[in-house]
Undergrad: 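The structure's right below; bear with me while I get my questions together.
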Amino acid sequence: IEVTRLKQSIRTLYTNIDCITNKKPEYFAIISECSPDVIVTTETNPKNQRFRMTKTELHIPGYTLFTNAEEEGKRGVSIHVKDALQPTEVNKLKLTEFCETIPVEVKLNGGDKLLILGVYRSPNSSKENNAMLNKLIQNSTTLGYSHLLFVGDFNYPEIKWNDQGGTTQSSTNEAGKFLEAVCDSYLCQHVTFNTRFQINQESNILDLILTNEENMVSNLEAKAPVGKSDHIVITFDYNCYTQETFKENKGKKGEITYK
């Protein structure tokens with residue numbers, strides 16, 4: 001029996017995990033605690049590029065996985081979306097040639113569509129790759145999606161974010177060009193607390209949540225990092241109307257289980 005349930009928000013968990021290999025117990029514990037509908041992780045692969053995570057290793061029961069972790073030279077971006085939301089992959093070539101991004105579509109009520117982008121920009125990113133990221137942001141607003149959600153590690157410590165938006169010392173440097181692309185695309189940035197902490201270094205807001213409407217994010221929380229990652233875990237509700245579709249099976253003695 002197929003059962004459909006209306007949802008008023010999509011619970012989302014994000015972190016830069018800095019290699020998931022030795023953090024799986026902590027990773028699954030936070031997933032179990034938060035019960036997210038969407039999980040976005042960056043830097044899933046180790047820095048040693050000889051070893052890459054496979055889709056089998058990244059699989060989480062009940063979720064559909066979208067990832068570039070198996071591609072050569074990638075630090076890895078992964079998006080897990082609950083099967084019940086029936087996510088689909090988006091043709092990346094429609095968006096950009098930016099190095100590390102994963103695009104996923106989720107259908108919402110009333111014919112609306114949500115585009116989720118998981119993004120990782122290396123601190124060593126080239127000017128050409130930075131320009132591709134800015135183009136990605138600008139292109140995303142022209143694809144007919146009613147809802148946009150960009151989540152990831154953008155690695156721009158030069159930008160100081162607050163409730164009114166972001167500021168940087170120069171509009172002509174790489175950070176300034178990124179900020180201009182965000183502003184020109186009328187995107188809202190929701191993270192105002194530091195997301196990366198390392199001994200003897202200044203804490204910064206490197207991990208961002210970008211949406212195309214101001215009131216799309218609620219219940220935004222910072223949680224402890226996974227294992228020894230120097231990035232915190234961020235959880236929030238993305239406010240929208242969508243539906244979950246379950247297959248309902250009756251178990252023993254009238255018990256109901258979901259697959």
Side-chain angles (χ1 to χ4, degrees), residues 1-15 27-28 30-42 55 58-68 77-92 94-95 101-119 136 139-152 185-188 190-191 208-221 223 233-251 254-259:
I1 302 173
E2 218 170 56
V3 176
T4 299
R5 182 172 67 188
L6 181 67
K7 287 176 63 68
Q8 296 184 11
S9 64
I10 295 175
R11 186 69 175 156
T12 306
L13 182 152
Y14 162 77
T15 192
Y27 180 54
F28 286 117
I30 190 72
I31 291 171
S32 177
E33 175 192 335
C34 298
S35 190
D37 301 302
V38 173
I39 306 163
V40 182
T41 53
T42 56
K55 290 183 178 179
L58 292 170
H59 173 70
I60 301 174
Y63 290 84
T64 303
L65 169 64
F66 306 87
T67 186
N68 68 347
V77 177
S78 297
I79 299 180
H80 293 81
V81 183
K82 275 190 175 177
D83 296 336
L85 293 177
Q86 301 179 325
T88 55
E89 192 167 10
V90 176
N91 185 345
K92 185 178 173 181
K94 289 182 180 178
L95 294 165
T101 185
I102 296 296
V104 176
E105 179 181 306
V106 175
K107 287 185 171 60
L108 306 178
N109 279 12
D112 287 348
K113 294 185 298 181
L114 166 63
L115 174 64
I116 304 173
L117 287 181
V119 177
L136 163 66
N139 286 352
S140 66
T141 61
T142 67
L143 297 177
Y145 286 95
S146 57
H147 294 64
L148 301 174
L149 173 61
F150 301 172
V151 188
S185 301
Y186 300 100
L187 296 178
C188 303
H190 298 268
V191 181
L208 309 179
I209 299 169
L210 298 167
T211 68
N212 57 328
E213 288 191 30
E214 187 176 354
N215 298 320
M216 286 295 184
V217 171
S218 60
N219 300 318
L220 180 64
E221 291 184 76
K223 296 183 179 293
V233 172
I234 300 173
T235 60
F236 60 94
D237 291 326
Y238 183 81
N239 301 316
C240 62
Y241 287 97
T242 187
Q243 293 180 342
E244 290 181 308
T245 302
F246 298 93
K247 287 185 178 178
E248 182 183 274
N249 295 319
K250 286 190 175 181
E255 178 185 330
I256 293 175
T257 60
Y258 292 99
K259 293 185 177 181

Undergrad: Which residues satisfy the side chain to side chain contact (heavy atoms under 4.5 Å, CB included) test with Ser9, sequence neighbours excluded?
TA: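 Counting only residues at least two positions away or on another chain, Ser9 forms a side chain to side chain contact (heavy atoms under 4.5 Å, CB included) with Asp237, Asn239.
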Undergrad: Measuring from Phe236:CZ to Thr211:OG1, what's the distance to the nearest 0.5 Å?
TA: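 Output value for this atom pair is 9.0 Å.
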Undergrad: Applying the side chain to side chain contact (heavy atoms under 4.5 Å, CB included) criterion to Thr242, which one of Leu6, Asp37, Leu114, Leu85 satisfies it?
TA: Leu85
Undergrad: Heavy atoms only: give me the nearest Phe150-Ser140 pair and the separation to one decimal.
TA: CZ-OG, 3.1 Å
Undergrad: If you measure from OH on Tyr238 to CG on Leu148, what distance do you get to the nearest 0.5 Å?
TA: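 So the OH of Tyr238 and the CG of Leu148 are separated by 6.5 Å.
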Undergrad: Going by the rule salt bridge (Lys or Arg N to Asp or Glu O under 4.0 Å), which residues pair with Glu33 if we only count those two or more places apart in sequence or in a different chain?
TA: Lys223
Undergrad: Between Tyr14 and Gly152, which heavy-atom pair has the shortest distance, and what is it?
TA: OH-C, 3.4 Å
Undergrad: Can you name the closest pair of heavy atoms from Asn109 and Gln243 and give their distance?
TA: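 Scanning both residues completely, I find the closest heavy atoms to be OD1-CG, 3.3 Å.
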Undergrad: Report yes or no: does His147 contribute a side-chain atom to a donor-acceptor pair with the main-chain N or O of Met216 at less than 3.5 Å?
TA: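 Side chain of His147 to backbone of Met216: no pair is present.
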Undergrad: Do Ile10 and Cys240 touch side chain to side chain, with heavy atoms closer than 4.5 Å?
TA: yes
Undergrad: Between Asn68 and Ile102 (side chain of the first, backbone of the second, donor and acceptor by atom type, cut-off under 3.5 Å), is there such a pair?
TA: no
Undergrad: If I compare all heavy atoms of Val151 with all of Val40, which pair ends up nearest, and what's the gap?
TA: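 Heavy-atom minimum between the residues: O-CG1, 4.1 Å.
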Undergrad: Going through the checks in order, is the side-chain contact (heavy atoms from CB on, under 4.5 Å) test met by Ile234 and Leu220?
TA: CA-CA 7 Å; Ile234 300 173; Leu220 180 64; 3.6 Å; yes
Undergrad: Side chains of Lys82 and Ser35: does their closest heavy-atom pair fall under 4.5 Å?
TA: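 They are in side-chain contact.
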Undergrad: I'd like to know whether OH of Tyr186 has more than 12 heavy-atom contacts from other residues, nucleotides or ligands below 6.0 angstrom.
TA: no
Undergrad: Could you state the interatomic distance from CD1 (Ile60) to CZ (Phe28), rounded to the nearest 0.5 Å?
TA: 5.0 Å
Undergrad: Measuring from atom NE2 of His59 to atom OG1 of Thr67, what distance do you get when rounded to the nearest 0.5 angstrom?
TA: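 Between atom NE2 of His59 and atom OG1 of Thr67 there are 13.5 Å.
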Undergrad: Drop me the distance from Leu13's CG to Ile39's CD1, to the nearest 0.5 angstrom.
TA: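 With rounding to 0.5 Å, CG (Leu13) is 6.5 Å from CD1 (Ile39).
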Undergrad: Identify the heavy atoms of Ser78 and Leu65 that sit nearest to each other, and give their distance.
TA: CB-CD1, 4.1 Å
Undergrad: If you look only at pairs with a residue in residues 106-116, which of them pass as a salt bridge (Lys or Arg N to Asp or Glu O under 4.0 Å), with sequence neighbours excluded?
TA: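 Output for this query lists Glu105-Lys107.
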Undergrad: Kindly give the heavy-atom pair with the smallest separation between Gln8 and Tyr241, and that separation in Å.
TA: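 Closest pair (atom of Gln8, atom of Tyr241, distance): CG-CE2, 3.5 Å.
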Undergrad: About how many Å separate OG1 of Thr12 and CD1 of Ile209, when rounded to the nearest 0.5 Å?
TA: 8.0 Å
